[in-house]
**Student:** 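Next up is a structure, given as structure tokens.
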Amino acid sequence: MNEATPAVQSERGERLHPLFLLTGLGKVIKGAWGIVAGGAYLAFQGRLGLALLLLVGFVVLSIASLLIRWLTFEYRLEDDQLRVEQGLLNRSSRSIPFDRVTDVDIEQGPVHRLFGLARVRMETGASATSKDAEGLLDTIALDRARAIRDFVRARRGRQPIPATAVETEEVDTPAPLFAMDLRRVLVAGVFNFSLAIIAALFGASQTIGEVIGFDPFSRSFWLGLLASAGPLRDYVLAHRFVAAIGGTLVLLAIGVGTGLVRTLLREYGFRLDRTGTGFRRRRGLLTLTDVTIPARRVQASILATGPVKRAFGWFVFKLQSLATDGGQGSHVVAPLARQDEAAAIQQSLDRPLLPDPGLWRPYPRGHFLSGAVLSGIGIAVALAASALLTPLALLAAAGLALAALVKWLEWRRSRYALDNDYLFLDRGWWRQRLAVVPVTRIQSLDIVENGWTRLFGFVRMRFGVPGGSMLSAFSIDALSRDDATALRERLVTP
């Protein structure tokens, strides 16, 4: 064992770094939007003194709570566990055995990086469902964080490992297994535009747009904006559709801009290295994260894309792991990659990305027919109501016809294959997912059917794979009962 390891242990309780009082302000600010909104409302009502009192009181109470947390939080690194004690009135003591820790991650926010500090997070089996189950040391010295990480990794599982093995994991390979330069990060940001932001802004513009002065779908908005542009203003007055087109373009621009900013902050400097025991991923512009993914805990691989991304040859590659990534069971190891780059990452695990082409099996036709029949019934009902609500009924019929088309496209793309010891599940059209699951990682098999699926002659099969949050990727939506029975026998037979 590394002779320096015992020095890492704590003979007495340790506190977080005093600058926790500064680094902790980020969470305080995030939770202050309600107070800021309340203060703004009081100020708008002319009650400026009360607004200032509210804001000052909030700041004082927030700083006091941070100080109390710093004074009452203690941690101690023992031979086989981390002990954390915290609380003033309700005192709690938590023990996290090292053999329950899936991995140790280091994060650095802007303030952490400025002062040489770090945040240490110990992932446990309960981390994906309960944030309190994580061992989090919010602000400690960076050198101390690295020493704790190496110590816990060496102790995990009560199996001492040579110092060289610990040190090897910290040494980068000559070249990264995968990396993203600034140009590729920006391209990823364009693809990651936020539909949620667009929907939220559209809803706000249609409800409180006039109040806040932002309704790009209103002609009055554009007329006011183009007050000094005579010809353009006259054109807007003469054509009602201009406001709709302008509003759509504005929301799309905001959505794309939001995706660019979010992606740049998260993926800047992305680098993935292959270490002696797994992968090491570093990324982030303001908050730098340093995460390791043990290879032995990788359960499955997922290659994700969509019709637009696929047209440009881009994919997102993820690894489903027992160690979580911010509460998610999937680690993004290539946010925007070519298929050969994803195959290289998969090959480093000695796993294939694709099966023999001749082994692919398509979904039965009944899968599409069932969806088409449902859409046809809906279209018939919509058209029957056209005598009363003609425009709305026709719009509903068009939407159902589009749904039938998407169902057909999904059926054409959906397939599965069993090649030696790996199950391949390829499905979806708008959200395309290729999942590669080692047969030994499948913990359960369910064959599901109902009266409707029996009518069209197919069943569904679902696979239980550890690691949690992407269970929808591990299923076959349609196959005949005979094929399902035969596949189950092949998967469960040793």
Side-chain angles (χ1 to χ4, degrees), residues 298-307 310 315 318 320 329-330 339 342-343 346 349 351-377 403-494:
V298 175
Q299 305 299 306
S301 307
I302 296 176
L303 189 67
T305 187
R310 191 181 186 93
F315 299 84
K318 306 177 183 180
Q320 181 100 352
S330 59
Q339 185 168 308
Q346 181 80 336
L349 292 168
R351 299 181 184 181
L353 185 64
L354 294 170
D356 186 301
L359 295 177
W360 282 117
R361 298 288 303 274
Y363 281 13
R365 191 176 298 273
H367 181 244
F368 163 68
L369 292 177
S370 65
V373 169
L374 283 176
S375 297
I377 294 173
L405 175 61
V406 172
K407 189 73 173 179
W408 179 77
L409 291 170
E410 288 182 347
W411 170 69
R412 288 291 302 270
R413 280 211 77 263
S414 298
R415 54 187 181 168
Y416 67 95
L418 182 61
D419 192 353
N420 295 322
D421 297 326
Y422 296 92
L423 179 65
F424 300 83
L425 308 171
D426 193 10
R427 51 181 287 187
W429 174 75
W430 183 254
R431 298 185 63 195
Q432 301 173 16
R433 297 289 186 275
L434 169 63
V436 184
V437 189
V439 172
T440 55
R441 305 294 188 177
I442 298 176
Q443 292 188 338
S444 64
L445 295 170
D446 296 329
I447 296 178
V448 182
E449 62 179 335
N450 53 41
W452 183 259
T453 60
R454 281 195 294 268
L455 179 63
F456 291 91
F458 69 91
V459 298
R460 297 185 174 95
M461 181 174 280
R462 298 173 182 169
F463 306 93
V465 180
S469 62
M470 300 190 69
L471 294 179
S472 60
F474 308 123
S475 65
I476 302 176
D477 288 337
L479 66 171
S480 69
R481 170 164 280 281
D482 290 341
D483 287 344
T485 302
L487 181 60
R488 179 171 60 183
E489 291 300 319
R490 291 181 62 187
L491 291 175
V492 301
T493 302

**Student:** How close do D419 and D356 get, heavy atom to heavy atom, and via which atoms?
**Tutor:**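 For D419 and D356, the tightest heavy-atom pair comes out as OD2-N, 3.0 Å.
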**Student:** Answer whether the closest heavy-atom distance between the side chains of I442 and L423 falls below 4.5 Å.
**Tutor:**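 Yes. Closest side-chain heavy atoms under 4.5 Å.
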**Student:** To check you understand the geometry: which heavy-atom pair defines the closest contact between Q320 and P466, and what is its length?
**Tutor:**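 Here Q320 and P466 meet closest at CG-O, 3.7 Å.
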**Student:** Taking all non-hydrogen atoms of both residues, which atom of M461 and which atom of I447 are closest, and how far apart?
**Tutor:**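 In terms of heavy atoms, the two residues are closest at CE-CG1, 3.7 Å.
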**Student:** Does atom CZ of R413 have more than 12 heavy-atom neighbours, drawn from other residues, nucleotides or ligands, at distances under 6.0 Å?
**Tutor:**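 Check passes, neighbour count above 12.
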**Student:** Hey, does S370 have a side-chain heavy atom less than 4.5 Å from the side chain of W452?
**Tutor:**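 Contact flag for W452/S370 side chains = yes.
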**Student:** Are the side chains of L487 and I476 in contact, using a 4.5 Å heavy-atom criterion?
**Tutor:**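 Heavy-atom side-chain distance check passes, below 4.5 Å.
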**Student:** Does the side chain of W411 reach to within under 4.5 Å of the side chain of K407, using non-hydrogen atoms?
**Tutor:**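 Not touching, per the 4.5 Å side-chain cut-off.
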**Student:** Does the side chain of D482 pick up a donor-acceptor pair with the side chain of T485 at under 3.5 Å?
**Tutor:**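 No.
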**Student:** If we ignore hydrogens and angles and just use 3.5 Å, is the side chain of T305 paired with the main-chain N or O of R310 as donor and acceptor?
**Tutor:**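 Checked: pair present.
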**Student:** Report yes or no: is the cationic atom of R415 (NZ for Lys, CZ for Arg) closer than 6.0 Å to the six-membered ring centre of W360, at no more than 45° off its axis?
**Tutor:**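 Judged by the rule (NZ or CZ under 6.0 Å from the ring centre, within 45° of its axis), R415 counts as positioned above W360.
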**Student:** So, taking the atom named CZ in R488 and the one named CG in D483, what distance separates them when rounded to the nearest 0.5 Å?
**Tutor:**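 Result: 13.0 Å between the selected atoms.
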**Student:** Identify the two heavy atoms, one from L353 and one from F424, that lie closest to each other, and give their separation to 0.1 Å.
**Tutor:**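 In this case the closest contact between L353 and F424 is O-CE2, 3.6 Å.
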**Student:** Does a side-chain heavy-atom distance below 4.5 Å link L425 with L434?
**Tutor:**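 Side-chain contact under 4.5 Å: no.
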**Student:** Regarding S475 and R427, is there a side-chain donor-to-acceptor distance under 3.5 Å anywhere?
**Tutor:**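 There is such a pair between these side chains.
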**Student:** May I ask you to test the D477-Y416 pair for a side-chain heavy-atom distance under 4.5 Å?
**Tutor:**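 D477 does not reach Y416 side chain to side chain.
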**Student:** Taking atom CZ as the centre, does R454 end up with more than 12 heavy-atom neighbours from other residues, nucleotides or ligands that are less than 6.0 angstrom away?
**Tutor:**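 Counting neighbours around CZ of R454, more than 12 heavy atoms of other residues, nucleotides or ligands fall under 6.0 Å, so yes.
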**Student:** Does some side-chain heavy atom of R433 sit less than 4.5 Å from a side-chain heavy atom of R431?
**Tutor:**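 They are in side-chain contact.
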**Student:** Please test F458 against R481 for side chain to side chain contact (heavy atoms under 4.5 Å, CB included), starting from the C-alpha separation and ending with a verdict.
**Tutor:** CA-CA 6 Å; F458 69 91; R481 170 164 280 281; over 6 Å; no
**Student:** Using every non-hydrogen atom in the two residues, find where V459 and A484 come nearest and quote the distance to one decimal.
**Tutor:**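 So the two residues come closest at CG2-CB, 3.7 Å.
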**Student:** Please assess V439 against L418 for the test side chain to side chain contact (heavy atoms under 4.5 Å, CB included), listing each intermediate value before the final yes or no.
**Tutor:** CA-CA 9 Å; V439 172; L418 182 61; 3.9 Å; yes
**Student:** So R351 and V436, side chain to side chain contact (heavy atoms under 4.5 Å, CB included) or not? Walk me through it.
**Tutor:** CA-CA 9 Å; R351 299 181 184 181; V436 184; 5.6 Å; no
**Student:** Can V373 and F368 be said to form a side chain to side chain contact (heavy atoms under 4.5 Å, CB included), step by step?
**Tutor:** CA-CA 9 Å; V373 169; F368 163 68; over 6 Å; no
**Student:** Looking at every heavy atom in both A300 and V437, which two are closest together, and how far apart are they?
**Tutor:**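 Heavy-atom minimum between the residues: CB-CG2, 4.1 Å.
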**Student:** Just by distance, with hydrogens left out, do S301 and Q346 show a side-chain donor and acceptor under 3.5 Å apart?
**Tutor:**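 Q346 and S301 do have a side-chain donor-acceptor pair below 3.5 Å.
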**Student:** Over 60° means perpendicular and under 30° means parallel, so tell me whether Y363 and H367 are parallel, tilted or perpendicular.
**Tutor:**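 Rings of Y363 and H367: perpendicular, as their planes differ by over 60°.
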**Student:** Below 4.5 Å, heavy atoms only, C-beta onward: do Q432 and P307 meet side chain to side chain?
**Tutor:**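 The answer is yes, as the side chains (C-beta and beyond) meet within the 4.5 Å cut-off.
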